[in-house]
Amino acid sequence: MDIRKIDDTISVAPQISVEDVAEAARLGFKTLVANRPDHEEPGQPSMADIEAAAKEQGLEWVYMPVESGNITDDDVDRFAPMIRDAAKPVLAFCRSGTRCTVLWALSAARSNPAQEIFTKARNAGYDISGLAPRMAQQSQNKG
């Protein structure tokens, strides 16, 4: 499992396996967020199986699938309150971790300076500099 810590509240990861869920719980994560749709590619684990493992480990489970390369403002509107209210720390996953990082960055832009967000993402291994215009737009949405 390739966990990339963004900050003390959220880490992201590429696709996890059912077996990884127990390790996530052992590492202290409280909420598991899936931003990847079921059946996005052949052979990926079923979200129902990961959900069952999460519940078995006492983790909160959030299934919030988002289409790769097509993150909408509605997606950010759903992600922002979920991540704010989720039991921390959160482990969010998708195919590569990028989708989760973009969702986090766009929601964080509503209340945090862009440079701080870029730095945290870069330190986790994600270059989100192309999001600057959308982050500026989100910074106007404080809701």
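Any value given below was found using the heavy atoms of this structure, including those in side chains, with hydrogens, waters and symmetry copies removed.
- Under the 4.5 Å side-chain criterion, counting only non-hydrogen atoms from C-beta, Phe93 is not in contact with Pro14.
- Electrostatic pairing of Glu67 and Arg36 does not count as a salt bridge here, judged by no charged N lying under 4.0 Å from a carboxylate O.
- For the pair Leu59/Lys55, no side-chain contact is recorded, criterion being any heavy-atom separation below 4.5 Å from C-beta on.
- Clustering ILVMFWY residues whenever any of their side-chain heavy atoms sit less than 4.5 angstrom apart, transitively, puts Ile6 in the very cluster that holds Phe118.
- For the side chain to side chain contact (heavy atoms under 4.5 Å, CB included) with Val90, the lone residue among Thr9, Leu32, Val62, Thr31 that qualifies is Thr31.
- Note that OG of Ser139 and CZ of Arg134 are 13.0 Å apart. Values are rounded to the nearest 0.5 Å.
- Counting non-hydrogen atoms of neighbouring residues, nucleotides and ligands closer than 6.0 angstrom, the NZ atom of Lys30 reaches no more than 12 such neighbours.
- Cluster annotation: Val18 is connected to Ile3 through the hydrophobic network of ILVMFWY side chains, with a link wherever side-chain heavy atoms come within less than 4.5 Å.
- Distance OG/Ser111 to CD1/Ile117: 7.5 Å, rounded to 0.5 Å.
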**Report entry** Test side-chain contact (heavy atoms from CB on, under 4.5 Å) applied to Ile50 and Trp61, step by step
**Finding:** CA-CA 9 Å; Ile50 295 174; Trp61 168 256; 3.5 Å; yes

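- Counting heavy atoms from C-beta on, the side chains of Asn112 and Lys120 never come closer than 4.5 Å.
- Atoms OG and CD1, on Ser107 and Ile10 in that order, are 7.5 Å from each other to the nearest 0.5 Å.
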Query raised in the report: Between Val12 and Trp104, is a side-chain contact (heavy atoms from CB on, under 4.5 Å) present by the stated rule, with each step listed?
Result: CA-CA 10 Å; Val12 300; Trp104 165 79; 5.8 Å; no

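- Looking at every heavy atom in both residues, Asp73 comes nearest to Gln138 through OD1-NE2, 3.0 Å.
- When all heavy atoms of Cys94 and Thr98 are compared, the pair lying nearest together is SG-N, 3.8 Å.
- Taking every heavy atom of both residues into account, Cys100 and Asn35 meet most closely at SG-OD1, 3.2 Å.
- Between Tyr126 and Gly97 the shortest heavy-atom distance is OH-CA, 3.3 Å.
- With sequence neighbours excluded, the residues satisfying side-chain contact (heavy atoms from CB on, under 4.5 Å) with Asp75 are Val66, Ile71, Thr72, Arg78, Leu103.
- Under the 4.5 Å side-chain criterion, counting only non-hydrogen atoms from C-beta, Gln44 is not in contact with His39.
- Of all the heavy atoms in Ile83 and Lys88, the pair that sits closest is O-NZ, 2.8 Å.
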Requested in this report: For the pair Val33 and Leu91, evaluate side-chain contact (heavy atoms from CB on, under 4.5 Å) and give the outcome as yes or no after the intermediate values.
Outcome: CA-CA 6 Å; Val33 177; Leu91 176 59; over 6 Å; no

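- Taking 4.0 Å as the cut-off between side-chain N and carboxylate O, Asp2 and Arg4 count as a salt-bridged pair.
- Atom CD in Glu23 sits 10.0 Å away from atom OG in Ser17 (nearest 0.5 Å).
- A salt bridge links Arg99 with Glu40: the distance from a Lys NZ or Arg NE/NH1/NH2 to an Asp or Glu carboxylate oxygen falls below 4.0 Å.
- Heavy-atom neighbours of Asp8 CG from other residues, nucleotides or ligands within 6.0 Å: at or below the threshold of 12.
- Considering all non-hydrogen atoms of both residues, Pro133 and Gly130 come closest at CD-O, 3.6 Å.
- When only modelled atom types and interatomic distance are considered, Arg95 and Gln15 share no side-chain donor-acceptor pair under 3.5 Å.
- Taking hydrophobic clusters as Ile, Leu, Val, Met, Phe, Trp and Tyr residues chained together by side-chain heavy-atom distances below 4.5 Å, Met47 does not share a cluster with Phe79.
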Requested in this report: Any chance you could lay out the side-chain contact (heavy atoms from CB on, under 4.5 Å) test for Gln137 and Leu131, step after step, and finish with the verdict?
Outcome: CA-CA 10 Å; Gln137 178 261 329; Leu131 284 181; over 6 Å; no

